[in-house]
Number of protein chains: 2
Amino acid sequence: MLETGLQSLPNLTVQQLEYLVAATDHPTRAAAAATLGVTPSALTQGLAELERRVGLPLFERHGRHTELRHQATEVLTHARRVVAETRDLARWAAAQRSGSAGVVRLGTIDAVAVQHRAEAIRAFHSNHPEVDLHLTVAPSGSLLEGLVGGDLDLIVCVEPVRASEGVAFTHCFDEPLHVYAPEGELRRPPSQWGPWVTFPSDSHTRAVIASGLANAGAPFDVVAESNQPEVLREMVRLGLGWTVLPPVAGTTAGSGMAAARSEPVAHRHLVVGRREGSPPDPAADALAVVLIGPGAGR
Amino acid sequence: MLETGLQSLPNLTVQQLEYLVAATDHPTRAAAAATLGVTPSALTQGLAELERRVGLPLFERHGRHTELRHQATEVLTHARRVVAETRDLARWAAAQRSGSAGVVRLGTIDAVAVQHRAEAIRAFHSNHPEVDLHLTVAPSGSLLEGLVGGDLDLIVCVEPVRASEGVAFTHCFDEPLHVYAPEGELRRPPSQWGPWVTFPSDSHTRAVIASGLANAGAPFDVVAESNQPEVLREMVRLGLGWTVLPPVAGTTAGSGMAAARSEPVAHRHLVVGRREGSPPDPAADALAVVLIGPGAGR
DNA sequence: GTGTTAGATTCAGAGATACTGAAATAATAG
DNA sequence: CTATTATTTCAGTATCTCTGAATCTAACAC
C-alpha cells in the first residue's frame with residue numbers, strides 16, 4: 001500500500017498529448033487539426049490547456065507558424081511515449097473484447113483434460129492461437145476453490161452435492177461409474193461388496209460413489225484412498241479392495257481387475273463452472289462453448 | 001510527418017489512471033478516495049468512466065469489496081507507468097519553472113567569454129549546477145543569427161548598427177577601442193593613420209571602428225582581415241598595418257605594437273540579446289541577470 | 001433470525017471543461 | 001496595398017466530473 005503522494009499530478013489527457021504530437025508532426029496546425037478531426041480552434045485551446053497544466057510555455061511563435069521550444073522536447077517525448085502506449089493498450093483491449101486474444105485459466109479434473117475434452121481443448125488451442133490458455137488439472141474441490149478465489153476463470157468438475165456460492169454451473173455430460181473388483185472375487189451380491197479403495201473423503205466423485213453404493217445396498221468401508229484413478233486400479237489389481245471408477249478402455253480383460261456387474265452403480269455429473277456475476281470474458285466464453293457443446297467431445 | 005492513424009484513441013486522463021492505481025493499492029475504495037482527496041462517489045464514477053473508455057470491465061465484485069480482474073493487470077501496468085512518468089514530468093516542469101534546472105544555450109563574443117564575463121559565467125555555473133549551460137563563442141553576427149534561428153537562448157554581442165527584428169537588447173557595458181600601430185610608426189596625425197588590419201566587413205565591431213575613425217578624420221583602407229584579435233595583433237607586430245582593438249593587459253610595452261594615442265577612438269557597446277516575445281525562461285533569466293548586473297563582471 | 005453499521009453505488013444538480021462556428025488578428029503572397 | 005490564408009479569440013452549447021444526499025448491499029452484532 002504505497003502512499004501516492006499528496007502533490008496532485010497535472011491531469012493531462014491522452015487527447016492533449018495527441019494534440020501536441022500532431023502539432024509537432026504537421027507543418028501547420030490546420031493540417032494537424034484536420035488529421036485529428038477537430039477544428040483548428042479546438043487544437044489551439046487544447047494546446048493552451050496543456051501548457052497551463054504542465055505549467056510551462058511549450059511553443060514559440062516564429063512569424064505565422066508556432067514552433068516547439070527546445071525546452072519542451074521533454075514534454076514531447078513524454079507525449080509520444082504515452083500516446084504510443086495508449087495505442088498499444090487500445091489494440092490489446094480490442095483483441096480482448098473480440099475474444100481473439102486474452103488469458104483463460106482453465107481447470108479440469110484429470111479425466112476431462114486427458115480423455116473426454118482433450119480434443120476440444122486441443123482444437124480450441126489451435127483455432128485461437130492468440131488466446132493464452134493455462135490448464136490446471138486438479139480434483140474438483142480444488143478447482144472450485146481456485147474458481148471462487150479468482151485463480152481460475154473456467155473449470156470442468158464433478159457437480160458438487162451442495163451448490164457452491166457464487167458459482168454458475170452448466171451441465172456438460174454424465175459419466176457412468178462402474179464397480180471393479182480384483183479378479184476372482186466377482187458375482188457377489190452387493191451386500192458383500194468391498195472393502196473399498198477410493199477417492200479421499202473430500203472428493204466430489206466419492207460422494208457420488210457413496211450415494212450410489214448406498215442405493216445399491218452395498219456397504220462402504222474404505223481401506224485405502226488416492227486421488228489418482230491409476231493408483232486405485234493398481235490397488236485393486238494387488239487385491240487390496242474394490243473400487244468404483246469410470247470405465248477405461250483396455251481395463252476390463254485380463255488385467256487383474258474386472259467389472260462386478262455390467263450396469264453402472266452411479267453417474268457423476270460433469271459441469272462447467274464460471275464465477276457468478278463475472279464480467280463478460282469473450283475468450284473464456286468461446287472456450288466454454290466448445291467444452292459444453294454437444295459436438296465438442298469425441 | 002507520420003500519419004497518426006484514424007482510429008481515435010480512448011481519451012484516458014492521468015486522473016483516471018491515478019484512480020485505478022489508488023483503488024488497487026488500498027484495501028477499500030473509501031481509503032483510496034481519501035488519499036486522493038475526493039469523495040468515494042467521485043472515485044466510483046471515475047473508475048466506471050475509465051472502464052467505459054478502455055472498453056473492458058476491470059473489476060469484479062467479491063462481496064463488498066471489488067477486486068481487479070486478472071485480465072486488467074495490463075491496464076494497471078499501463079496506469080502505473082503513465083502515472084510514474086507524469087510524476088517525473090511534473091517534477092521536471094517544477095524545476096524548469098523555478099529556474100533551478102533547464103538548458104540555456106548562451107552565445108558570446110570571445111572577449112566576453114574569456115575576459116569580461118568569464119568570472120560571472122563560472123560563478124553561475126557553480127551556483128546552478130542543475131542548469132545545463134551550453135556556451136558558443138562566435139562573432140556577433142553569427143550569434144544574432146543563432147538567436148533568431150532558435151539555436152541560442154541568450155547572447156552577449158556587440159550592439160548592431162541596425163536594430164534586429166525580433167530581438168530585445170539590454171545594455172551590458174561599453175568597451176573602449178584604441179588605435180594600435182607597429183612600433184616606430186607612432187605620433188602621426190590621424191589623416192596619416194593606416195593602412196589597417198581589422199575585422200571582416202560583416203563584423204559589428206568593424207562598423208563601430210569605421211565610424212570612429214571617420215569621426216577622428218582618419219582614412220580606413222583595409223589590407224588584411226581576421227575575426228581573431230590575436231591574429232590582428234600579430235599582423236601589426238609584423239608591420240602589415242595598424243589596427244583598432246580593445247586594450248589588453250601586457251600588450252602595450254615592448255611587444256612590437258603600441259597605442260597610437262591614449263584616448264580611445266571609439267567605444268563598442270556590448271549588449272545582452274534575447275528573442276523578443278519569447279516565453280519566460282527562468283534559467284535564462286537568472287543568467288541574463290548576472291551577465292547584465294553591475295557586480296557581474298570581474 | 002433481526003438490527004446495525006460501514007462500504008459502495010446511484011442520482012440530481014452545480015461547476016468546470018471542451019467543442020463548434022463566427023469574428024478578429026496576424027502574416028504571407030501577389 | 002490588397003487578397004488570402006493561418007491562427008487565435010470569443011460566445012454559446014454540449015459534455016463531463018465533481019459534491020452531497022439517498023439508496024443499496026454485505027458484514028457484523030445480538
Side-chain angles (χ1 to χ4, degrees), chain A residues 1 8-20 22-55 57-69 148 150 165-167 275-279, chain B residues 1 8-20 22-55 57-69 148 165-166 275-279:
Chain A
M1 195 187 315
S8 63
L9 292 183
N11 183 21
L12 311 183
T13 72
V14 167
Q15 198 164 40
Q16 286 164 352
L17 299 178
E18 271 191 283
Y19 282 9
L20 177 60
T24 59
D25 282 350
H26 291 271
T28 72
R29 294 203 162 178
T35 65
L36 289 168
V38 297
T39 61
S41 171
L43 187 63
T44 296
Q45 296 175 79
L47 287 174
E49 182 61 28
L50 178 63
E51 283 188 326
R52 215 167 302 132
R53 293 188 185 179
V54 172
L58 302 178
F59 294 94
E60 208 160 317
R61 306 192 49 172
H62 279 96
R64 179 134 91 183
H65 72 112
T66 61
E67 228 174 288
L68 199 71
R69 299 182 76 196
V148 300
E165 284 289 317
V167 178
R275 253 188 313 286
E276 216 156 37
S278 75
Chain B
M1 197 187 314
S8 63
L9 291 184
N11 183 20
L12 311 183
T13 72
V14 167
Q15 196 163 39
Q16 287 165 351
L17 299 178
E18 270 191 286
Y19 283 9
L20 177 60
T24 60
D25 283 349
H26 290 271
T28 72
R29 294 201 163 180
T35 65
L36 288 168
V38 297
T39 61
S41 171
L43 186 63
T44 296
Q45 295 174 83
L47 288 173
E49 183 61 29
L50 178 62
E51 284 188 326
R52 216 166 301 130
R53 293 187 184 178
V54 172
L58 302 178
F59 293 94
E60 209 158 315
R61 306 192 46 172
H62 279 96
R64 179 136 89 187
H65 72 114
T66 61
E67 229 175 286
L68 198 72
R69 300 182 76 196
V148 299
E165 283 290 315
R275 253 189 312 285
E276 215 156 37
S278 74

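Letters go in sequence order (proteins before strands), and every chain restarts at 1.
Counting all heavy atoms, side chain and backbone alike, A/Pro40 lies closest to A/Ala30 at CG-CA, 4.4 Å. Considering every non-hydrogen atom in both B/Asn11 and B/Gln16, the closest pair reads O-OE1, 4.2 Å. Nearest heavy atom pair, residue B/Thr28 against residue B/Ala31, reads OG1-N, 3.1 Å. Nearest heavy-atom pair, A/Ala23 versus A/Phe59, reported as atom, atom and distance to 0.1 Å: CB-CZ, 4.5 Å. Residues B/Leu36 and B/Ala22 share a closest heavy-atom pair of CD1-CB, 3.7 Å.
As a whole-Å value, the separation of B/Glu67 CD from C/dG7 C1' is 15 Å. Atom CG of A/Leu50 and atom P of C/dA18 are 11 Å apart (whole Å). Regarding B/Phe59, its CZ atom lies at a distance of 18 Å from the C1' atom of D/dT25, rounded to whole Å. The distance from atom CG of B/Leu36 to atom P of D/dT19 is 11 Å, rounded to the nearest whole Å.
A distance-only check finds no donor-acceptor pair linking the side chain of A/Glu49 to the backbone of A/Gln45 [under 3.5 Å]. Remark: side-chain polar atoms of A/Glu60 are not paired, donor with acceptor, to backbone N or O of A/Arg69 under 3.5 angstrom.
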- Task: Apply the test side chain to side chain contact (heavy atoms under 4.5 Å, CB included) to residues A/Arg29 and A/Leu47: give CA-CA distance (whole Å), side-chain angles for both, the deciding distance (0.1 Å), then the verdict.
- Result: CA-CA 11 Å; A/Arg29 294 203 162 178; A/Leu47 287 174; 3.6 Å; yes
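The overall bend of the helix from C/dG1-D/dC30 to C/dG30-D/dC1, read as the angle between its terminal helix axes built from five base pairs each, is 30° when rounded to 10 degrees.
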- Message: Protein within reach of the bases, or only the backbone? For nucleotides 7-18 of chain D, mark each nucleotide 5' to 3' as B, S or -, using heavy atoms under 4.0 Å.
- Response: SBBB-----SSB
